[in-house]
Amino acid sequence: MDYRRSYIRDLLASEPPMKASAYGWVKTRRDSKGVSFVQLNDGSCFADLQVVIQEGAIPESELRRVTTGACVRFDGMLVQSPASGQAVELQATTLEVYGDADPASYPMQKKGASFEFLREIAHLRVRGNTFGAVFRVRNELSWATHKFFKDRGFMYVHTPIISASDAEGAGAMFQVTTLDLENVPRVDGKVDYSQDFFGRQAFLTVSGQLNVEAFAQAFTNVYTFGPTFRAENSNTPRHLAEFWMIEPEQAFCDITGNMNLAEDFLKYLVSHVLDHCRADLEFFNQRIEPTVLETLHHVAESPFERITYTDAIKLLEASGEPFEFPVFWGCDLQSEHERYLTEKKIGRPVIVTDYPKEIKAFYMKLNDDERTVRAMDVLAPRIGEIIGGSQREERYDVLVSRMKELSLPEEPYSWYLDLRKYGAAPHSGFGLGLERMMMYVTGMKNIRDVIPFYRVPGSAEF
RNA sequence: UGCCGCAUAGCUCAGCGGUAGAGCAGCUGACUGUUAAUCAGCGGGUCCUUGGUUCGAAUCCAAGUGCGGCAGCCA
């Protein structure tokens, strides 16, 4: 079994007739008198290869083992298919069964399974149509991300997973420790973290941003792309405890440049999957969300709307909508507000900028009005906030006074403050949640269905 | 974490006070090329758990557990 061989995707694009071998997992088998049809898939593309077995070509005792879920190889001739439904098919002459799958207990079926049930068999759901399509698209989004930034001269930075600063403001963190939880060392009644692995408290990162800012101050244009962790007790179809985030950071870039990058990046990703995942997207459009293709073309072609927070509040106040949460200057935008703006009022992605400083993070650059900061959120129909970014505060004194206002300790951020002391460039960046983007592109309704093995409160199986 | 909903065959569900049903899947067979094939037959159940109401509970009530939706926190 050499590693260089044809995928089913390649066979389907080949010119028949030719000898061929097909490796994969059996989706279904249909028998008629004198002939059997096997749908074989190896994950390389949405379409299955139809394998045709004429009566007598393969011993009945072997053919019986070709059941849904079984892992097999067929050898034979790839020929033009006489029936409609596929261009080519494999006329099989030999069969090797690598792994049987007991049809009475194999849980994947060709019909009728709910996403809730499939989450219980996350190790097997990837063999089905929907999750095959989901993870091919996820793969393409990942590669497109690297290509987009590589083509624009960005450096890929591996920011740490374990972080010592515990108060970044992005939410509750998972603590990392090797202390014996049954017998925690204490000094004056408090936990003695000097005996912990790192000699201090440590956590899983909630964002690579602070680290990637340091690299932007040396390599100009950088990005990080990796897992991040939030210990929030969030039970929604849009939140995970472990998710993947893409965070570019640019020196010599203000909030306008940041918005331009965000818009170009989203359009690039959308165009990429339209070009490279056609069959998968058509499946989503047909079976999951009938507006997906239309939405993606729309996003790729039309400019995003850009409005300030202050103007957004005016639009909401003038809307006449019966919002559950009151709208006033200074309020945070709730889901219902975001949905009104992006779905009802504007009908495509909207970038909202210049939020009140009170509802945004300490590191965002203070505007001259001293009431708002240079934040920008990209809101998208169906899913709400997909990107959050800002121009960063590069003025040392302003940053320190902002931290004081929020009672943040300086010590854990001393290195971050150093970046403002020594050769600080104006800089900007944003974070894009890969899974949020996945939901947008595929139309999948639950974030647990766009990540291979999800982690949420109360659940870390597989 | 709050509010709401759901839990019956392997899966998707119906039944909603009188003792367990359908479709799909599985198994057996039929059919000369099927496309989520079709047709016939067969097997398959602690009706989530515990307690209560009742002559009688899958069905009504309560608590627990699990799952889902909405909201908050955010990406």
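Below, chain A is the first sequence line, B the second, and so on; all start at residue 1.
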Open item on the list: Applying a 4.0 Å non-hydrogen cut-off, can you work out what A:Ser81 is touching in the nucleic acid: base, sugar-phosphate, or nothing?
Closed with: base

TODO: Give the ring-plane orientation class for A:His337 versus A:Phe323, where under 30° counts as parallel, over 60° as perpendicular and anything between as tilted.
DONE: perpendicular

Open item on the list: Let's see if you can work this out: which of B:C31, B:C73, B:C67 has an atom nearest to the side-chain heavy atoms of A:Arg238?
Closed with: B:C73

Open item on the list: Quick check for you: among B:A75, B:U1, B:A37, whose closest atom lies nearest to any side-chain atom of A:Asn233?
Closed with: B:U1

Open item on the list: Mind checking if A:Gln91 touches a base, just sugar-phosphate, or nothing, with heavy atoms under 4.0 Å?
Closed with: base

Open item on the list: Partner lookup for B:U59, please. Criteria are Watson-Crick or G-U wobble with both distances under 3.5 angstrom; report none if nothing qualifies.
Closed with: none

Task: Nucleotide of B:U34, B:A75, B:G26 approaching A:Gln50 most closely (side-chain heavy atoms) - done: B:U34

Task: Nucleotide nearest A:Glu116 when distance is taken to its side chain, options B:A36, B:C67, B:A71 - done: B:C67

Open item on the list: The side chain of A:Pro237 is closest to which nucleotide in this list: B:C70, B:U12, B:C73?
Closed with: B:C70

Task: Any A:Asn235 side-chain nitrogen or oxygen under 4.0 Å from OP1 or OP2 of B:A71 - done: no

Open item on the list: Starting the side chain at C-beta, find the nucleotide from B:C73, B:A37, B:G26 nearest to A:Thr28.
Closed with: B:A37

TODO: Under 4.0 Å between any heavy atoms, over every strand shown, what does A:Pro107 touch: base, sugar-phosphate, or nothing? Just pick one.
DONE: nothing

TODO: Spell out yes or no: do the side chain of A:Arg436 and the base of B:C74 have one donor N/O and one acceptor N/O closer than 3.5 Å?
DONE: yes

Open item on the list: Using only modelled atom types and a 3.5 angstrom limit, is any donor from either the side chain of A:Glu89 or the base of B:U35 paired with an acceptor on the other?
Closed with: no

- [ ] Indicate, yes or no, whether a donor-acceptor pair under 3.5 Å links the base of B:C73 to the side chain of A:Ser234.
- [x] yes

Task: A:Tyr340 six-ring centre to A:Lys345 NZ/CZ under 6.0 Å and within 45° of normal - done: no

TODO: Measure from the side chain of A:Phe37, starting at C-beta and using heavy atoms only, and say which of B:G68, B:G69, B:U34 lies closest.
DONE: B:U34

Task: Shortest side-chain distance from A:Ser32, nucleotide among B:A37, B:U28, B:C73 - done: B:A37

- [ ] Just compare B:G68, B:A37, B:U28 and give me whichever is closest to any side-chain atom of A:Arg64.
- [x] B:U28

Open item on the list: Ring-plane angle category for A:Tyr309 and A:Trp329, please: parallel below 30°, perpendicular beyond 60°, tilted otherwise.
Closed with: perpendicular

Task: Which nucleotide in B:G72, B:C74, B:G68 has an atom nearest any side-chain atom of A:His239 - done: B:C74

TODO: Look at the side chain of A:Gln334 against the base of B:G72 and say whether a donor-acceptor pair falls under 3.5 Å; ignore hydrogens and angles.
DONE: no

Task: Separation of B:C74 P from A:Lys360 NZ (nearest whole Å) - done: 8 Å

Task: Aromatic plane relationship, A:His146 with A:Trp143 - under 30° parallel, 30 to 60° tilted, over 60° perpendicular - done: perpendicular

TODO: Return the value, rounded to whole Å, for the distance between atom CG of A:Asn446 and atom P of B:C67.
DONE: 12 Å

Open item on the list: What contact category does A:Gln86 fall into here, base, sugar-phosphate, or nothing, at under 4.0 angstrom with non-hydrogen atoms?
Closed with: base

